[in-house]
Amino acid sequence: VVSGHAAPPKSSTARRLTTSRSISLGTYEVLVAPGALSSIGEIVAETAPAHRYTIITDEHVGPLYAERVAAALGADRTRVYTIPAGESRKTREQWATLTDAMLADGFGRDGAVVALGGGVVGDLAGFVAATFMRGIPVVQVPTTLLAMIDASVGGKTGVDTPAGKNLVGAFHHPSAVVADPNVLSTLPREQVRAGLAEALKHGVIADEAHFDQVLSEGPALLGGSVDDSIVDLVANSVEIKADVVRRDEREGGLRKTLNFGHTLGHAIEALSGYSLLHGEAVAIGMVLESEIAERAGVASAGTAARVRAAVERLTLPHRKPADQSAEQILAATRSDKKARAGAVEYALPSRIGAMAGSDTSFGIRVPDDLVREVLR
Ligand SMILES: NC(=O)c1ccc[n+]([C@@H]2O[C@H](COP(=O)([O-])OP(=O)(O)OC[C@H]3O[C@@H](n4cnc5c(N)ncnc54)[C@H](O)[C@@H]3O)[C@@H](O)[C@H]2O)c1
Ligand SMILES: [Zn+2]
């Protein structure tokens, strides 16, 4: 491993290999290994043995990587389904199209799904696997930074509905997660940037050294350079999410800390008509919410300034869009499904590397006027 000044969290069960790392989530492992795509056959055979495989991918990722993965799985027993790219395709209709196609192709209970793509493919293919024949195995092969460090870890699958994002779904743990950082070399820069926002979030909520690592290595990654140092960045981020998920699988308390930057971030993302990428909106949300944390006396002085400087350094947006008013954003936070009984709760840091709250409650109610002040 090239660089790795970020110490894994104490409860980590990660093993360090030379240039790859594996993080255990109890029933499955997340493997972060350059070149893993070509050797995926062994991992899948071991963790999700099946007679036939369904690779679900999208129109951008498929042409680049599906053939390689199919060859590793055995082309003769593998079928590739390619869906149009984009959040607008994470729907029940697409779920129906895929499951109909699998049924028409004679897939049965002895099959398994390989989700090859970003979070959209991961969530959709995961939901297909969760429901097909009442559940068949899925191996997640995330190809965006966001999917590697966030979407593929934790077992949440699902689709969007006209009433909102991710409203219909299921918990369905993958049999394995295989992240090959080499694929990040083809990922559009704005998508890399959006993923870095979530990596930064992991640093704020749990690990200051990780925060610094994202800051020091992010710019090179944005410049298109993918080397082995990315293994540690991805793996450390996975460990932070994994640690939270392990301790709080169904969002009782601790998992709420992952929501830092997301209360305002979701509101701003939705108000932008989803023209902002999720990670971009979260970046703005983190800047604003750390400001709230400081003004509310929850975070130590200087926390907000560091978050803002980091967001700017990664060339992420740090200000609310000019066409969104404080009142609009405030109203939108109330329709967030994570707002309980009309009260708007925030997950706030106490400093870089730690969240305010206790094991049973990380939701902090913030008076509307304080939010208004920060939004102004
Ligand atoms: N299940 C969870 O816990 C969880 C957590 C966070 C986010 N999500 C979901 O993840 C989704 C967002 O995922 P995302 O940011 O990965 O977006 P995405 O899946 O839309 O991928 C972004 C874009 O990058 C392209 N792409 C992906 N990998 C590529 C590669 N290696 N090279 C070139 N192009 C590539 C895709 O085709 C797409 O156009 C949202 O639907 C969100 O709800 C789920
Ligand atoms: Zn997020």
Side-chain angles (χ1 to χ4, degrees), residues 37 56-66 68-69 82-91 94 115-127 130 138 140-161 164-174 177 179-202 205 224 226 237-238 241-242 244-245 249-251 255 257-266 268-270 274 276-286 336-338 347:
L37 230 52
I56 297 177
T57 188
D58 76 18
E59 63 190 337
H60 299 147
V61 179
L64 293 169
Y65 303 112
R68 198 183 305 175
V69 174
T82 305
I83 64 169
E87 184 74 30
S88 65
R89 305 310 174 120
K90 206 176 94 178
T91 60
Q94 195 61 63
L116 175 67
V120 166
V121 163
D123 280 8
L124 179 65
F127 189 50
V138 61
Q140 292 284 352
V141 185
T143 62
T144 64
L145 181 57
L146 180 123
M148 289 180 191
I149 67 170
D150 191 354
S152 65
V153 184
K156 285 186 184 177
T157 74
V159 293
D160 301 334
T161 78
K165 281 178 70 175
N166 301 319
L167 294 181
V168 172
F171 279 93
H172 188 58
H173 287 301
V177 179
D180 181 345
N182 288 350
V183 304
L184 297 177
S185 62
T186 58
L187 187 64
R189 177 192 299 222
E190 69 270 16
Q191 297 288 348
V192 174
R193 188 162 33 218
L196 285 170
E198 297 280 3
L200 206 57
K201 179 193 79 176
H202 288 154
I205 68 174
V226 176
S237 228
V238 168
K241 173 146 191 200
V244 170
V245 168
E249 199 148 288
R250 304 220 171 197
E251 225 158 69
R255 198 154 167 164
T257 60
L258 295 169
N259 220 29
F260 168 57
H262 281 61
T263 306
L264 292 175
H266 275 147
I268 289 166
E269 183 185 8
Y274 297 93
L276 281 171
L277 289 178
H278 175 73
E280 293 173 333
V282 167
I284 300 169
M286 289 192 294
D336 188 307
K337 71 180 163 159
K338 275 158 186 148

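Note that ligands are numbered from 1 as they come in the structure, with each ligand's atoms numbered from 1 the same way. Treat the numbers as computed from the prediction; the structure is a model and nothing was measured. Residues take their numbers from the sequence shown, with the count starting at 1.
- Between Val159 and Asp123, the closest side-chain pair of non-hydrogen atoms is not below 4.5 Å.
- Considering backbone and side-chain atoms alike, Val183 places an N or O below 3.5 Å from some N or O of ligand 1.
- Only the side chain of Lys241 comes within contact range of ligand 1, with a heavy atom under 4.0 Å; no backbone atom does.
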Stepwise, does the salt bridge (Lys or Arg N to Asp or Glu O under 4.0 Å) test hold for Lys165 with Glu269?
-> CA-CA 12 Å; Lys165 281 178 70 175; Glu269 183 185 8; 3.5 Å; yes
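- Looking at atom 10 (O) of ligand 1, its nearest protein heavy atom turns out to be Gly119 CA, 3.2 Å.
- Among the atoms of Gly86, none of the N or O lies under 3.5 angstrom from an N or O of ligand 1.
- Close approach to Gln191 involves these atoms of ligand 1, each under 4.0 Å from a residue heavy atom: 22 (C), 23 (C).
- Counting only non-hydrogen atoms, the option in Thr144, Asp180, Asn166 that gets closest to atom 27 (C) of ligand 1 is Thr144.
- The side-chain heavy atoms of Ile284 and Leu264, taken from C-beta on, include no pair separated by under 4.5 Å.
- Close contacts between ligand 1 and Val61 involve ligand atoms 26 (N), 27 (C), 28 (N), 29 (C), 35 (C) [criterion: under 4.0 Å to a heavy atom].
- Closest to atom 28 (N) of ligand 1 among all protein heavy atoms lies Thr143 OG1, 2.7 Å.
- Note that NZ of Lys90 is 8.5 Å distant from CG of Leu124, once rounded to the nearest 0.5 Å.
- Heavy-atom contacts of Lys156 reach the following atoms of ligand 1: 1 (N), 3 (O) (cutoff under 4.0 Å).
- For the residues Val120, Leu184, Thr186, Val121, the heavy atom positioned nearest atom 18 (P) of ligand 1 is part of Val120.
- Within ligand 1, the atoms closer than 4.0 Å to a non-hydrogen atom of Asp150 are 5 (C), 6 (C), numbered from 1 in the order shown.
- With a 4.0 Å heavy-atom cut-off, ligand 1 is reached by the side chain of Glu87 but not by its N, CA, C or O.
- Not a single N/O/S atom of Asp150, whether from backbone or side chain, sits less than 2.8 Å from the Zn ion (ligand 2).
- The heavy atom nearest to atom 9 (C) of ligand 1, considering only Leu187, Asn182, Ile83, Asp123, is found in Asp123.
- Val120 has its side chain out of reach of Asp58: every pair of non-hydrogen atoms, C-beta onward, lies at least 4.5 Å apart.
- Of the protein's non-hydrogen atoms, Lys90 NZ, 3.0 Å is the one closest to atom 43 (O) of ligand 1.
- At a threshold of 4.5 Å between non-hydrogen side-chain atoms, the residues Lys241 and Asp150 count as touching.
- Pro188 CD, 3.8 Å is the protein heavy atom nearest to atom 34 (N) of ligand 1.
- When the N, O or S atoms of His278 are ranked by distance to the Zn ion (ligand 2), NE2 comes first.
- Ranking protein heavy atoms by distance to atom 38 (C) of ligand 1, first place goes to His60 ND1, 3.9 Å.
- Of the residues listed (Leu187, Leu146, Leu184, Thr144), the one engaging Val192 in a side-chain contact (heavy atoms from CB on, under 4.5 Å) is Leu187, and it is the only one.
- With hydrogens and angles ignored, the 3.5 Å screen pairs a side-chain donor or acceptor of Thr157 with a backbone N or O of Ala170.
- Checking each of Thr143, Thr57, Thr186 against Tyr65 for a side chain to side chain donor-acceptor pair (under 3.5 Å) leaves exactly one that passes, namely Thr186.
- Looking at Arg193 and Glu190, no side-chain N of the basic residue comes within less than 4.0 Å of a carboxylate O on the acidic one, giving no salt bridge.
- Using a 4.5 Å heavy-atom threshold, the side chains of Val238 and Met148 count as separate.
- Looking at Glu198 and the Zn ion (ligand 2) together, the shortest N, O or S contact belongs to OE2.
- The ligand atoms of ligand 1 that sit less than 4.0 angstrom from a heavy atom of Ala85 are 37 (O), 39 (O).
- Counting just the N/O/S atoms of His262, the one with the shortest distance to the Zn ion (ligand 2) is named NE2.
- Taking atom 36 (C) of ligand 1 as the reference point, the nearest protein heavy-atom neighbour is Asp58 OD2, 3.3 Å.
- Of all protein heavy atoms, the one lying nearest to atom 12 (C) of ligand 1 is Leu146 CD2, 3.8 Å.
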